[in-house]
Amino acid sequence: MEQILIIDFGSQYTQLIARRVRESGVYCEIMPFDVAAEFIREFKPQGIILSGGPESVTEENSPRAPEIVFQLGCPVLGVCYGLQTIVTQLGGQVTAGIQRELGYAETKVDINSQLFSGLKDVGTICYSDDLQNSLHVVDSAVKPRNDVDFSPTDAERLERDVERLFKINVWMSHGDIVTEIPAGFVAIAKTAATEVAAIENSAKNIYGLQVHPEVTPTEFGKEILENFLINICKCERSWTTANIITHSIVDIKDRVGSDKVILGLSGGVDSSVVAMLLHKAIGEQLICVFVDTGLLRLNESAEVEATFKRHFGLNLIVVDAKERFYRVLEGVTDPEEKRKIIGNEFVEVFQDEANKLTDVKWLAQGTIYPDVVESARTKHGKSQVIKSHHNVGGLPEKLHLKIIEPIRELFKDEVRKVGLELALAQELISRHPFPGPGLGVRILGAIKAEYVDILQQADAIFIEELINENLYHDVSQAFATFLPLKTVAVVGDARCYDYIVALRAVRTTDFMTAQWADLPAAFLAKVSKRILNEVQHVSRVLYDISDKPPATIEWE
Ligand code: XMP
């Protein structure tokens with residue numbers, strides 16, 4: 001399969017480049033900039049993209065692309081820092097911080113370059129007054145001269161120059177600019193701040209873009225990237241969901257043979273998709289273990305059993321470990337301690353189940369590609385990490401099982417597409433994230449079965465109403481939290497002294513920052529009324545209006 005290699009210089013957008021490349025139907029992988037040359041050679045890239053990065057090439061010891069990138073002879077595209085390191089490494093000059101360009105910048109691009117070809121068919125053209133100030137570094141034959149009449153009535157000239165120059169809005173985020181183009185290169189785009197917003201050496205197929213084609217604000221970013229992938233690198237669009245599944249199944253069968261595989265199925269997207277892929281590949285050889293920690297959402301255990309065991313016919317063991325979890329958590333109030341205890345107990349329960357089975361040789365895990373990339377990044381400085389990601393988020397080595405990670409090459413959106421193709425329900429695929437320690441971090445302080453019961457019911461009402469009112473997908477995560485504080489309420493004529501439930505709904509793209517969701521007051525009133533009426537021992541319902549930061553999404 002043709003594949004693109006992305007060399008990572010640490011930009012926050014590197015994974016986004018990879019996702020865009022994959023969305024265009026081309027497989028790609030990310031490797032850190034200090035990856036050993038042999039890995040690059042072995043990878044046999046059809047093209048290489050050098051990512052952006054936070055550093056400046058003008059600083060001493062700033063990272064460089066491995067020399068082999070320019071020796072393999074495959075097309076290369078540098079983005080932002082990637083462009084600047086190409087310029088520096090191939091004999092040009094980059095100058096620091098003359099004028100910072102952040103956010104939108106109007107760019108004039110040369111559509112005769114293969115990188116920008118076809119853009120004029122999908123966008124607006126620029127007129128003669130723009131041409132007066134346009135490229136003069138591109139090619140002397142079309143250098144706009146002040147003595148030339150660019151009036152629209154000069155139809156022939158206008159047509160020719162419009163053919164060549166095209167104006168787009170792009171997303172810029174850089175402080176350094178190219179002040180000298182390396183020999184063999186020409187500039188193919190400019191902005192108000194720089195004469196060299198893109199370069200090409202068409203003989204060697206090396207390109208550089210100061211702009212970020214991967215971010216949505218960049219007009220024609222998709223077209224520019226696809227020009228590189230499809231026209232310049234000559235990749236086929238073979239990375240489709242159907243192909244991903246086919247390859248994955250062949251790979252699983254090859255590796256596992258007739259061995260048995262055990263998988264911790266949580267009912268979340270990742271482990272569910274792993275279960276379906278393995279089931280399709282090896283059927284009965286897969287044993288799924290679902291641990292009911294007693295800290296799950298209402299009816300979760302029954303629903304997982306209904307879906308995977310009864311509907312899809314998977315080999316599923318449901319372990320009711322509620323009492324075990326409540327026992328080890330008794331009286332524990334510190335959130336981090338609770339997390340640790342829940343994690344350890346999960347491992348113990350899983351191990352107990354695994355030990356009951358004979359002949360199991362493999363442990364399947366739902367590691368996905370962003371975990372792999374992040375783990376390579378945090379260890380950067382050692383290029384051999386590329387081959388040693390096996391235990392990302394791993395279960396115990398004590399199990400002595402070989403690890404299989406069928407979705408470790410997939411981004412979350414690809415995992416979802418695979419899940420849908422394998423007949424998992426849309427509701428499961430698009431469910432809000434649920435933390436590993438579950439309700440353990442949504443019951444403040446010590447955990448009691450009585451609190452779990454109240455919280456499960458309140459949470460289920462909130463989620464049910466969000467779905468009923470078409471608001472569920474309007475927010476990124478929503479849930480209820482239990483506060484073990486008692487306040488006064490009057491029920492009928494009697495005073496009672498009962499607990500508090502807090503509702504939280506946030507909007508976020510990365511879960512690193514989040515805004516509280518301004519759900520309609522009438523909706524919140526309805527949910528509050530239902531919880532107070534239907535769930536015993538709740539005296540008050542609160543709505544959390546705290547952004548992250550400073551407040552985290554979970555209360556503990
Ligand atoms: P915070 O509370 O850190 O949450 O703002 C960010 C996202 O992470 C989830 N979360 C966890 N997930 N184990 C998990 O698997 C945890 O201990 C944990 N704590 C928080 C949280 O639900 C949100 O989606």
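One is the number of the first residue; the rest follow in order along the sequence. Counting convention: from 1, in listed order, for ligands and their atoms alike.
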Which protein N or O atoms sit under 3.5 Å from any N or O of ligand 1? Give atom names and distances.
| from | atom 1 | to | atom 2 | distance (Å) |
| --- | --- | --- | --- | --- |
| ligand 1 | 2 (O) | Ile553 | N | 3.3 |
| ligand 1 | 2 (O) | Glu554 | N | 2.9 |
| ligand 1 | 5 (O) | Lys548 | NZ | 2.6 |
| ligand 1 | 5 (O) | Ile553 | N | 2.7 |
| ligand 1 | 15 (O) | Gly436 | N | 2.9 |
| ligand 1 | 17 (O) | Arg339 | NE | 2.5 |
| ligand 1 | 19 (N) | Arg339 | NH2 | 2.9 |
| ligand 1 | 22 (O) | Gln477 | NE2 | 2.9 |
| ligand 1 | 22 (O) | Glu554 | OE2 | 2.5 |
| ligand 1 | 24 (O) | Gln477 | OE1 | 2.7 |
| ligand 1 | 24 (O) | Gln477 | NE2 | 3.4 |

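Contact between Arg416 and Ile429 at its shortest, heavy atoms only, is NE-O, 3.3 Å. Taking all atoms of both residues into account, the shortest heavy-atom contact from Leu50 to Phe9 is CB-CE1, 3.9 Å.
Ion pair Lys526/Glu469 flagged as a salt bridge, since at least one NZ, NE, NH1 or NH2 atom sits closer than 4.0 Å to an Asp/Glu carboxylate oxygen. Using a cutoff of 4.0 Å between basic side-chain nitrogens and carboxylate oxygens, Glu214 and Arg22 are not scored as salt-bridged. By the 4.0 Å N-to-carboxylate-O rule, Glu353 lies close enough to Lys356 to be salt-bridged with it. Salt bridge Asp518/Arg507: present, at least one basic N to carboxylate O contact under 4.0 Å.
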